[in-house]
Amino acid sequence: MTKDIKTEENKLSIGDILANAERIKESTQLEELVALKIDRLSKVSGSGMIMAKTPNMELLMRSIEKSKNGTGRKFTYQGVDVDLDYLASNCIVEPDFGSKELMDGLGVRKNTDVFKIVFKETELVEIIKILIEKMEGGVCIVKKVKN
């Protein structure tokens, strides 16, 4: 994305960094939570909202490794295979798909099996695409505008 802004007014300076050092440090550690609505689940159950966190680079790299070695479902994002179920199980935080009550109720042993029951594969792919894109966000190209 390209934005037109006055570059001289918006340059980040050493003074800006030092004056806001603590806030800057804290902001790099935050996990961004995203509310996602699954239309099919809303129609079926009356509620279809889930909460998920954006993956960090470490989680994404582990998912890539698992896709090479594992037996889980793979999803190709920008030419790279990731383990769909592994990412989903580590990113979706509400509801708790790892709860013993839920797994017992569905008759499964692993939370990744819960995802196979609750979500269509296309829904899970869309969830992971959204989360990865949110992870990538926040940087844009600036087209220089004269003051």
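In this chain, numbering begins with 1 at the start of the sequence shown.
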Student: Sort and list the pairs that fulfil side-chain hydrogen bond (donor to acceptor under 3.5 Å, both in side chains) and have at least one residue in residues 113-127, not counting sequence neighbours.
Tutor: Arg40-Glu123
Student: Please go through Val44's hydrophobic cluster and name the other residues, only I, L, V, M, F, W, Y counting, with side-chain heavy atoms under 4.5 Å joining them.
Tutor: none
Student: Roughly how far, to the nearest 0.5 Å, is CD1 of Ile92 from CG of Leu131?
Tutor: 7.5 Å
Student: Exactly one of Ile117, Val114, Val108 should register a side chain to side chain contact (heavy atoms under 4.5 Å, CB included) with Leu102. Which one does?
Tutor: Val114
Student: Using 4.0 Å as the upper bound for N to carboxylate O, is an ion pair formed by Arg62 and Glu58?
Tutor: yes
Student: Could you tell me whether the side chain of Ser89 and the main chain of Tyr86 form a donor-acceptor pair under 3.5 Å?
Tutor: yes
Student: Just checking, any donor-acceptor pair under 3.5 angstrom between side chains of Ser63 and Asp83?
Tutor: no
Student: Answer yes or no: is there a side-chain heavy-atom contact under 4.5 Å between Ser47 and Leu41?
Tutor: no
Student: Are Ile50 and Ile127 packed together at the side-chain level, in the sense that at least one heavy-atom pair is separated by less than 4.5 angstrom?
Tutor: yes
Student: Other than Leu18, what residues sit in its cluster of Ile, Leu, Val, Met, Phe, Trp and Tyr side chains whose heavy atoms are under 4.5 Å apart, directly or through others?
Tutor: Ile14
Student: Return the NZ to CD1 distance between Lys43 and Ile38, rounded to the nearest 0.5 Å.
Tutor: 12.5 Å
Student: Say whether, by atom type as modelled, one donor and one acceptor occur between the side chain of Lys74 and the main chain of Val82 under 3.5 angstrom.
Tutor: no
Student: Closer than 3.5 angstrom, by distance alone: can the side chain of Thr112 be matched with the main-chain N or O of Asp85 as a donor-acceptor pair?
Tutor: no
Student: Go through the structure and list residues passing side-chain contact (heavy atoms from CB on, under 4.5 Å) with Val80, not counting sequence neighbours.
Tutor: Ile64
Student: Which pair of non-hydrogen atoms, one from Leu59 and one from Asn56, has the smallest distance, and what is that distance?
Tutor: N-OD1, 2.8 Å
Student: Just jot down the ring pair (Phe, Tyr, Trp, His ring centres under 6.0 Å) partners of Phe97, sequence neighbours excluded, or say none.
Tutor: Phe115, Phe119
Student: Please tell me whether Ser13 and Asp16 have a donor and an acceptor in their side chains that are separated by less than 3.5 angstrom.
Tutor: yes
Student: Heavy atoms, side chains only, cut-off 4.5 Å: are Ile132 and Gln78 in contact?
Tutor: no
Student: Should the pair Glu65-Lys68 be classified as a salt bridge under the 4.0 Å nitrogen-to-oxygen rule?
Tutor: yes
Student: If you count the non-hydrogen atoms of other residues, nucleotides and ligands that lie under 6.0 Å from CE in Met61, is the total more than 12?
Tutor: no
Student: Does any part of the side chain of Leu60, heavy atoms only, come nearer than 4.5 Å to the side chain of Leu87, both counted from C-beta?
Tutor: yes
Student: Can you give me the closest heavy-atom contact between Ala88 and Leu124, atom names plus distance?
Tutor: CB-CD1, 3.8 Å
Student: Would you list the pairs meeting side-chain hydrogen bond (donor to acceptor under 3.5 Å, both in side chains) in which at least one residue belongs to residues 95-109, sequence neighbours left out?
Tutor: Lys100-Asp104
Student: Begin from the C-alpha positions of Tyr77 and Ile128 and carry the test side chain to side chain contact (heavy atoms under 4.5 Å, CB included) through to its verdict.
Tutor: CA-CA 9 Å; Tyr77 182 80; Ile128 296 305; over 6 Å; no
Student: Can you see which heavy atom on Asn111 is nearest to which on Met103, and at what distance?
Tutor: N-SD, 3.4 Å
Student: Looking only at heavy atoms, what is the nearest atom pair of Asn90 and Lys53, with distance?
Tutor: O-CE, 3.0 Å
